[in-house]
Every structure is written in C-alpha cells, then in structure tokens.
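Written out below as structure tokens is the structure these notes cover.
Quick note on labels: first sequence line is chain A, next is B, and so on, each numbered from 1.
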Number of protein chains: 2
Amino acid sequence: MVRERPGTGGATARVPTRDVVLAAVRLFTDHGFEATTMDDVAAAGGVSRRSLFRRFGTKEDILFAEHDELFAEVSRHLETAPGTPLDAVFSAARLVLDGYLRDPEVTVPRYRLVRVHPRLRDREVAMTARYQSAFSRYLAARGGGGAPEERSLAAGAAAAALIAAHNHVLRGWLRDPGQEPARVWERYDAAMAFVRRAVGPMLHADGEAPARERVVVAVYPADLGRDELVRRLAAAVDEAGPRG
Amino acid sequence: MVRERPGTGGATARVPTRDVVLAAVRLFTDHGFEATTMDDVAAAGGVSRRSLFRRFGTKEDILFAEHDELFAEVSRHLETAPGTPLDAVFSAARLVLDGYLRDPEVTVPRYRLVRVHPRLRDREVAMTARYQSAFSRYLAARGGGGAPEERSLAAGAAAAALIAAHNHVLRGWLRDPGQEPARVWERYDAAMAFVRRAVGPMLHADGEAPARERVVVAVYPADLGRDELVRRLAAAVDEAGPRG
DNA sequence: CCCTCGTGTGGCATTTAGTGTCAGAGTAGA
DNA sequence: TCTACTCTGACACTAAATGCCACACGAGGG
C-alpha cells in the first residue's frame, strides 16, 4: 500500500461502513477469510487499518456489523409493539427475516462463509442466541400467569421454538436465494402458524384471559382457490370495522 | 520462566490434559481470562507453550476441552439409544446435565467466566447449538410421518425447546451450585415433562379430515393490526392444507 | 547391544489480530 | 479568526497462533 502523504491524518470523511463491509465480503469470498488480512480490507475499503479496528472491533465484526444494526432495530420494535407479548415477538421475528431478505448482497455471501469457517459459524449462532435471549426475556417479563419459575421456562422454550422455525425457513432461502420472496414468506407464515399452535398452550398454562379477543368464523366451499379465500377473509376483516 | 536445560526437547510424557485445564481455570479465575497469557498457563501446567497450542488449539478451547468430550459421549449415546427417537433425545439431554453436575470443578468456574466475557459466552452458546443441531438432525431423520419439510421443521422446533428447557435448569444450578443434586434433578424432570407435553403433538401432525367444507376459526387480540390479522388468516388457510 | 524409525515435545522465528498513544485535519461555534 | 471538539492516520507494542527444526524417548529389528 502506497501512502501519498505520510503524516496526513484526514478527518471528517467518516469511514463509509457499507463500502467497507462490501469490500470485505468480496475479499473474504475471493481469497478466504483467514487469508485476508486487515491490511487488505483497509486498502480495499479506502481506510486505515486503525480506523478499521476502531469501527468494527474485530475482523469477524465486519461481517456482522449490519446484523448488529438489525438486532438494535428489532429490540426497538419490541419495546413499542402492539398486541399480546406473543404477537410482539412474532412480528419482531418477521422483522429479522425481512432484514435478511432485504440485504442479500451481504447476508448470502456471509452465509456461505459461515458454513465453511467454524469461527464465523459460532459468531452467527451467537447472534441467533441474542435474539432468542431477548425474546425469552420479553416473554418472561410480560407473559401470562403461572408461577414465575414455570413462566420463564415456558418463555424460554417458546422463544427457542420460534427462533428455530424462523431459522429453518431462513436457511432454506440462504441456500437458494434465487427463489421468489413471496414463496419464502409463504413458507415462513406456515412455519409461524405451526409454532403458534405448539407454543400457544405453553404460555397459557392455566386460564388467564389475555385481554379482549374477537373471533372470525368463516365457512367456505372446500374447492375455493387459496387467493380468493384470503381475499374474502381480508374483506370480512375490513367490514368488521376497526379493532381495539 | 527459567528453563533448566535449554535445547531439551522432552518426549513421551504426554501433556496431562486434566491438570492443564484445572491450572488454566484457576489462572483465568484469579487473574482474568484476558490477562492470563498462554505462557502463564504453560508454566502453571508444566508444559511448553507450543505443546499447549498443539493440544488445545486456542486459549478458549482449553476451557471447553472437556465439553468436547462430553459432546462426543452424547453423540455416541444417540446412536445406540433404545426407545423412540424422542426418548433417545431426552435421555441424551439428561446425559449432558449429568456431565455438568459431575464436573463442577470445571463447569462452575467456567460458567462464571462465560458470564463475564462475551467471547467465551459465544463459545458456550456454540456448544449448545451443536447439541441442538445434533438432536434436530436425529429427530428429523427418524421422526414420525408427515411431509419432509414439516417434519424437519417440527424436529428443529422440538430440539430447540428441549435444549432451552435443559439450559434453563442447568443455569439454575450453575448460578447456585451448592444446592442438592436431587432437587436439580427434580426440577429437570418437571421441565422435561413440560417440554414433552408441548413437543409431543408437534411431532405427530397426522390426521387430516377430508370434509366438503372447512371452517376457519381465528381468535385474535382486539387491537391487532389489520395487516397482521390478514396475514395470519392467510397462514391459517395455507396451513390447513390443499383445498378441494 | 546398537541402530533406526515413529511419535510427541520444546525452542525459535514469524505472521497478524488487536490496543494504546499521539499528532494532524477538518468542522462547528464564539 | 481563534478555539474546542471529533475523527482519522501513523507508529509502537503485546500476545495469540502457526511453521519449522531439533531433540528425547520407546519400540522393533539386526
């Protein structure tokens, strides 16, 4: 690396995080994660080695920087989410999948790197655990009745099942990122419905009426097309007036 | 460190793994994980720095060496366990807890270190993920009927819930290792019974009643957003299987 | 008994991740 | 314009991790 003006300490022009991440992803993919030094990344990203460490901490953190932002976003969402605690957690998980789908340029090559390098895999798993822990604590704090002991146990198991289902669908997409997002969301909704069935009973160990509820009962011909059916249900919901 | 005979490369006397681990745990606990260098560990363990790296790979691996052995033991157990796949996984998980309880000299101080150092925490989480992955694959491969897609989803969620419950009880003991093992096992059995109730139905997603008409019944919080409600209804429709 | 071969170990050199420190450059505000 | 604050780059340094070579020991054959 050739420095034009030794002794020139620039300022103001902040480290372009996104550019650095993309450059790093490219280098890691092309030459391998281990073989790529921080000097290489710094040169490719147009910043100094020192600034690189200041911004990202470690070499692995470069890959997961945007994931950290996503986690922060999800955490914020949890604080202000409407509905029951379970609803909040489900919609938060949806946000995570959306975060992945929105940024395939980083998430897809990262997944391929993660599959190869145990160290990176551990890092990825740790991220997953962070979500799980956050969801678990959220549910335990606001969850239904029952003894505190059983409540936190149920919250932990529910969060774990939810995250597992989420990751199941997510990995399906990461392995084949070419498929239609609509189909991914379809599978995701099905997986979430599955988890909801299993998790629901866990959190209502005893009779605890969770606020006000409404009921939709729809009877329809067995051969009605899926899209048409969904459309009718949506119309019925809208006719029923505002919720709350 | 004073070397008596420079140039003396010993042999034969294999590195006493257990002694080194205990010495390392002590050093990490007394002076901190970061502050303890591999030279320190080597000196305390009575081996050379080079041999230390050969045996354990990294500094963190020293702490988790025995955990790796436990994982190998559990894996072997899975291969030869009697009973249903679910039974096998439950007994395997029991083996894990027993492994912790049997070796408090290492597992307890390690837990305290893990709580403080994010890096070690990630490593611990990765171990948990390895169990979860092994259990999930085991269940998916030998699990009950249903479509392969749903089967692996159910296996993943079940394994996750099981591991979460296991870790819930395990952490309870690690935080207060003085309590009676009998009481720990009591709590563990209760937690496992809880998980079994929730997980059992997940793995037996069978009977689909063929009817001319089908009914959707949705119960939802009154303040749930319109989009989320519609999404759930659509998911419920998809989940109900093909129409016609 | 000696020699040889294989295996495990120690010492040394080297690379590189990661940190502390200081100097310079730019920006905002008085 | 001068000053205070912030961000960046350069340099030095620690320590983890790896490659390489030399040496010690045990086993086996002559």
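A:Tyr131 meets the ring-ring contact (aromatic ring centres under 6.0 Å, His included) test with A:His67, A:Phe71; sequence neighbours excluded. Listed by chain and residue number, B:Phe28, B:His117 satisfy the ring-ring contact (aromatic ring centres under 6.0 Å, His included) test with B:Phe33 (two or more places apart in sequence, or in another chain). Under the side chain to side chain donor-acceptor pair (under 3.5 Å) criterion, A:Asp122 pairs with no residue, sequence neighbours left out. Partners of B:His31 according to the side-chain contact (heavy atoms from CB on, under 4.5 Å) rule, which considers only residues two or more places apart in sequence or in another chain, are B:Leu27, B:Thr36.
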Sequence neighbours left out, cut at 3.5 Å: what donor-acceptor pairs do the side chains of residues 180-191 of chain B make with other protein atoms?
unit_1   : atom_1 : unit_2   : atom_2 : d
B:Arg187 : NH2    : B:Gln179 : OE1    : 2.2
B:Tyr188 : OH     : B:Arg94  : N      : 3.3
B:Asp189 : OD1    : B:Arg94  : NH2    : 2.3

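If you take CE of B:Met38 and C1' of D:dA17, they are 9 Å apart, rounded to a whole angstrom. Counting to the nearest Å, the P atom of D:dA16 and the CG atom of B:Leu120 are 13 Å from each other. B:Asp40 places its CG atom 13 Å from the C1' atom of D:dT14, with the value rounded to the nearest Å. The separation between B:Asp39 atom CG and D:dA15 atom P is 8 Å, rounded to whole Å. Rounded to a whole Å, the CZ atom of A:Phe56 is 15 Å from the P atom of C:dA17. The nearest whole Å value for the distance from the CZ atom in B:Arg49 to the P atom in D:dA17 is 9 Å. Atom C1' of nucleotide D:dG9 and atom CG of A:Leu52 are separated by 13 Å, given to the nearest angstrom. Distance A:Glu34 CD to D:dA16 P: 17 Å, rounded to the nearest Å.
In this model, the phosphate group of D:dT8 is not approached by any side-chain N or O of A:Ser51 to a distance below 4.0 Å at OP1 or OP2. Contact between the side-chain N/O atoms of A:Arg50 and the OP1/OP2 oxygens of C:dT21 is not found at any separation under 4.0 Å.
Both B:Arg54 and B:Arg119 lie near DNA chain D, and the one whose nearest nucleotide falls closer to the 5' end is B:Arg119.
By the 4.0 Å N-to-carboxylate-O rule, A:Asp68 lies close enough to A:Arg130 to be salt-bridged with it.
Distances were taken from every side-chain heavy atom of A:Thr37 (C-beta onward) to each of C:dT16, D:dA10, D:dA16; the shortest belongs to C:dT16.
Looking at residues 58-69 of chain A, you'll see A:Thr58, A:Lys59 sit with a heavy atom under 4.0 Å from some atom of DNA chain C.
Judged by the 6.0 Å distance and 45° axis criteria, A:Arg196 is positioned over the aromatic ring of A:Phe90.
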